[in-house]
S.K.: 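Take a look at this one; I'll ask things after.
The figures here come from the full heavy-atom set of this structure, side chains too, leaving out hydrogens, waters and symmetry mates. Throughout, protein chains are lettered first and strands after them, A, B, ... in sequence-line order, and every chain is numbered starting at 1.
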Amino acid sequence: MQSNFSRSSVLPHTPSISASPRYAFIDFLDLGRAETISQEIANLTEDAAQDQETEESREIGYIQGTVVGLRYYSGVVNRGEMVSLVREPQNPYDRNAVVVANVYGSQVGHIRKELAAAVAYIMDNKLARVEGIVPYGETNKFSMPVNLSFLGKEENREAVHNHMRRHGFRLGTDLKGGNAQTSFGRDPLGSSSQISAIPLTAEELKNAFDKLFDDLMEDKTREMEPAEAVCTPLLPHQKQALSWMTSRENSSDLPPFWEQKGGLYFNVLTNFAVKERPEKVLGGILADDMGLGKTLTTIALIVSNFHNGKPLPLEKCGESSEPSTSRKKSASKGKGGEISEEVVESSPLKRSHVDGGSADTVEKDADKDLPRKKAKTKKKTSKKSANTKEVILLDDDDFATALECSSKQVMPPKKNVKKKSGADKGSPAGTRGSGARATLIVCPLSVLSNWLDQFEQHMRADVTLNVYLYYGAERNRSVSFLAGQDVVLTTYNVLSSDFGNKASSPLHKVNWLRVVLDEGHVVRNPSALQSKAVLELQSERRWILSGTPIQNSLKDLYMLLSFLKLKPFDVKEWWSRIIQRPVTMGDRVGLQNLQALVKGITLRRTKTSKVNGRTVVQLPNRSVFVQHVTLSEEEKEEYEQVKTEGRNIIDRYFQEGSVMTNYADVLAILVRLRQYCCHHSLVGKYTGGADPVTPSELRERLINKITLVLNSGSDEECAICLDSLRQPVITYCAHVFCRPCICEVIRSEKEQAKCPLCRAQIKTKELVEYPEEEVETGSVTGEKWRSSSKVDALMNNLLKLRNEDPTVKSLVVSQFTKFLDILEVPLREYGFAFTRLDGTMTQKARVKAIQDLQDSSPGSPTIMLLSLKAGGVGLNLTTASRVFLMDPAWNPAAEDQCVDRCHRLGQSRDVVITKFIVKDSVEENMVKIQKKKQELVAKAFGTKNPPDRKQAKLQEVKQQFEF
DNA sequence: ACCGCCGGGTGCC
DNA sequence: ACCGCCGGGTGCC
């Protein structure tokens, strides 16, 4: 029996206080899961959206209606199938028309006009969302019943009911408070079990969620040897991953939740059936922990599974028809921007072949089995300059056919061609031997060089794998060139900037064999340009590599499923209805489905996972020490001064209720305090103050603010794409975004465009750019040098360490690049050799910095100055075994990630981490708040902050600023 | 639709 | 018959 729980007991809803600016400020400091404050803001706005969604998802009424006109449409539904209702105001017969569509988006019919007339108003005015389920009558020829649920805010309940009543419809209401899915029509088959009616508690949910990605390796223990071309022996868990990935790519199984029934394909979750076989999902998520070798495994996959577990045919270096010249060519094509020619040239593997070269290969192979193909290949060769899609498809088809022949899998080539050229962007997958050859790897800039290194390191020297680095101003944009590579490597930024310039995005014109998203969790906001760019890629197989596939919300997974094209979850409505809403409501069946879903497409091992009874990776110990630093009297005095100054300003904002609008200033104050803890000369001039009067004053003020944000060294992120700021601009309301991101927002919202952070009106022409050349560095070193307590503490450690063991290498990590500048002075003074890696460096310089550190000859650098986020993940710094974290980060995960760069596979020494924390300062408070936050966060997932938590936070912040 | 509805044909029993 | 009744044509919005 359904228990009499009220929904609010399951889903604690946000108290209304969140509207007050004072509390909004408290939320600023909900830093438990944010790496930067602007990310925190993004989290907040996300939460706001989620609030709305959860509130709207309350069922406020239901009614049975009729779907009519079935015989005019091809869309079919099944008993109990969910359908979506879409307004069709442009319908020539009735502007109130409401279309009923099935999960695949095919129209089933219309809602009968009388009911449509009533419902249209409710939909148009967003009084409620309307969802439908067809309870029976699925075989009817002319009409069928549909159960409509109205989901909306409680405050709209009456308006909705009244409106419907005026049209002569009486909505039913489920007073028991069961959720929308179970109360009505959800389970017309009567199979609902009592278990599913008892919702999960927030804690159970959180636990289940934490375990969601645990131990996803049962039945995935078969091993596969990589192709010969891979020279690095794979560890057992890597062979398992290779085997699993290969089977995922060659699988002809139906995607998860699909079954074949009679002549139809049936989705057991939505009860949806189609005649056409659902598109295969070739690929998935490799979610191994950092350091387990996702990169190597992926390389092995690329080389070992071209088709059906057969290796990618590669030329032997010696047999190459055009020896050294081609490499030159690749270099000149690949150069430009910050990626140097040398990077490309330095690798013996990277030899981008020219069109003619590949044609030769094909002919050679094709000649053996299928001479008649030769003519065609010839024809194509003569046509190679014509750079049209059609030609490329034919090219690729020849490739494939040739290759298929060698593996005795001849397909009628004619048919293939037809299929291909007829296929628009719809379904390139599934057509075996469609000709796709190239794998596209998209990764953050920070790991680009790692990929290149690893290709070089793991590929046998005598084979040629064509890896093309699609990066830099001079990148080769020829579609046929790109399609002919074995691997194309690029970054999310290049991909989305190409995509943004609608004119042409070559990467979107290639039919890839495989697309790999490295650190795939970075695309998680579906509205960000880079997400759209990623979703539009055409590929047969798709992979996501990520150590943390879900960061803090179930919604992160939506983006991933959407990329994998896992029907029907790639459409938001179905994802929400089938998974997200049920799960957040504590529905057990929903959770089971989610678990099954994840299990079916994910492989994840942690460092503690066992293979054949042994842990996957045995890493040396790692220990963390916190060293408290006491400020000198002089420093203390100055610190208090900075603090009082800041407190007065924040206090004023509180009184004015303008904390939100002065976001940049609040950020600045916090940053200043943290900077002071490191070194006095980090602290810049405060630029806030009296209200600006003239536009030029405002402009100047904004330029100051954006400069401050960007130079604070905290590596601020764009709240829209959550990536590092690219072409940063500041709005009149003083929030900083990437120009492409905010322009996209303005473009899509038109005149109503609002700032995503404060909802102020924004316009494209009111965006202020960051003045490019204004880099005022080095000034620190000029004046008379004065140390700081923290600098002294570090130097003591380093000197002691050098005494004890001069071979030990250290990472010195700070969030403030300027602090790294400062640290260079005493390091030089004491004769330390060091390198440096920060976000402002070119790719080339980064590579050199890492190589220098790896050098073990006497006199080589023993220290790397590292900015916390510059390296990003994936960076391999195992030559270092000591880590000094100079200043605490808001998000402990960022610190962990940084430490993991040296505490990973390949580390031979025990790793010792020292964290410097200034006593009685903002830093100490940060650590305290962090800890509390972690405890609280551990309790609930997917639900919002309970009120007492907010209250607690209020106290903490009051403490922090001593209000 | 093995219905309802419309509109033309028809008209005692 | 300015009706009722019959039976054919017809059918989403």
S.K.: Rounded to whole angstrom units, what separation is found between the CG atom of A:Leu115 and the C1' atom of C:dC12?
M.R.: 14 Å
S.K.: So, A:Tyr72 and C:dC12: ring centres less than 5.5 Å apart, planes less than 30° off, yes or no?
M.R.: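 So yes, this residue stacks on that base, both cut-offs being met.
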S.K.: Can you check the A:Met144 CE to C:dC13 P distance for me, whole Å?
M.R.: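 Going from CE in A:Met144 over to P in C:dC13 covers 15 Å.
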S.K.: What distance, rounded to whole Å, do you find between the two C1' atoms, one in B:dC6 and one in B:dA1?
M.R.: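 So the two C1' atoms sit 15 Å from each other.
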S.K.: When rounded to the nearest Å, what value does the distance between C1' atoms of B:dC2 and C:dC13 take?
M.R.: 26 Å
S.K.: How many Å lie between CZ on A:Arg87 and C1' on C:dC13, as a whole number?
M.R.: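 Roughly 11 Å, once rounded to whole Å.
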S.K.: Ignoring hydrogens and angles, answer whether the base of C:dC13 and the side-chain atoms of A:Asp94 contain a donor-acceptor pair closer than 3.5 Å.
M.R.: no
S.K.: Between the base of C:dC12 and the side chain of A:Tyr73, is there a donor-acceptor distance below 3.5 Å?
M.R.: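 Check passes, donor-acceptor contact within cut-off.
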S.K.: In this structure, are over 12 heavy atoms from other groups packed under 6.0 Å from A:Arg165 atom CZ?
M.R.: yes
S.K.: Can a side-chain donor-acceptor contact be found between A:Asn511 and A:Gln538 if the only test is distance below 3.5 angstrom?
M.R.: no
S.K.: Would you mind reading off the distance between A:Arg71 atom CZ and C:dC12 atom C1', rounded to a whole angstrom?
M.R.: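 After rounding, the reported distance stands at 9 Å.
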S.K.: Contact class for A:Ile111 (heavy atom, under 4.0 Å): base, sugar-phosphate, or nothing?
M.R.: sugar-phosphate
S.K.: In whole Å, I'd like the distance from the CG atom of A:Asn140 to the P atom of B:dC2.
M.R.: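 Answer to the nearest Å: 13 Å.
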S.K.: Just call it for A:Arg112: base, sugar-phosphate, or nothing, with non-hydrogen atoms closer than 4.0 Å on any strand.
M.R.: sugar-phosphate
S.K.: Any stacking of A:Phe142 on B:dA1, going by centres under 5.5 angstrom and planes within less than 30 degrees?
M.R.: yes
S.K.: Across all strands shown, which nucleotide pairs with C:dG9 by Watson-Crick or G-U wobble geometry, both distances under 3.5 Å?
M.R.: B:dC5
S.K.: Is the number of heavy atoms from other residues, nucleotides or ligands within 6.0 Å of CZ (A:Arg87) greater than 12?
M.R.: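 Yes.
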S.K.: Could you tell me if A:Ser149 and A:Glu59 have a donor-acceptor pair between their side chains, going purely by distance under 3.5 Å?
M.R.: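 Checked: A:Glu59/A:Ser149 side chains pair up, N/O donor to acceptor below 3.5 Å.
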S.K.: A:His167 and A:Tyr121: aromatic ring centres closer than 6.0 Å?
M.R.: no
S.K.: Rounded to whole Å, please give me the gap between NE2 in A:His110 and C1' in C:dG11.
M.R.: 15 Å
S.K.: Rounded to whole angstrom units, what separation is found between the CZ atom of A:Arg95 and the P atom of C:dC13?
M.R.: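 After rounding, the gap between these two atoms is 15 Å.
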S.K.: Are OP1 or OP2 of C:dC12 and a side-chain N or O of A:Lys113 less than 4.0 angstrom apart?
M.R.: no
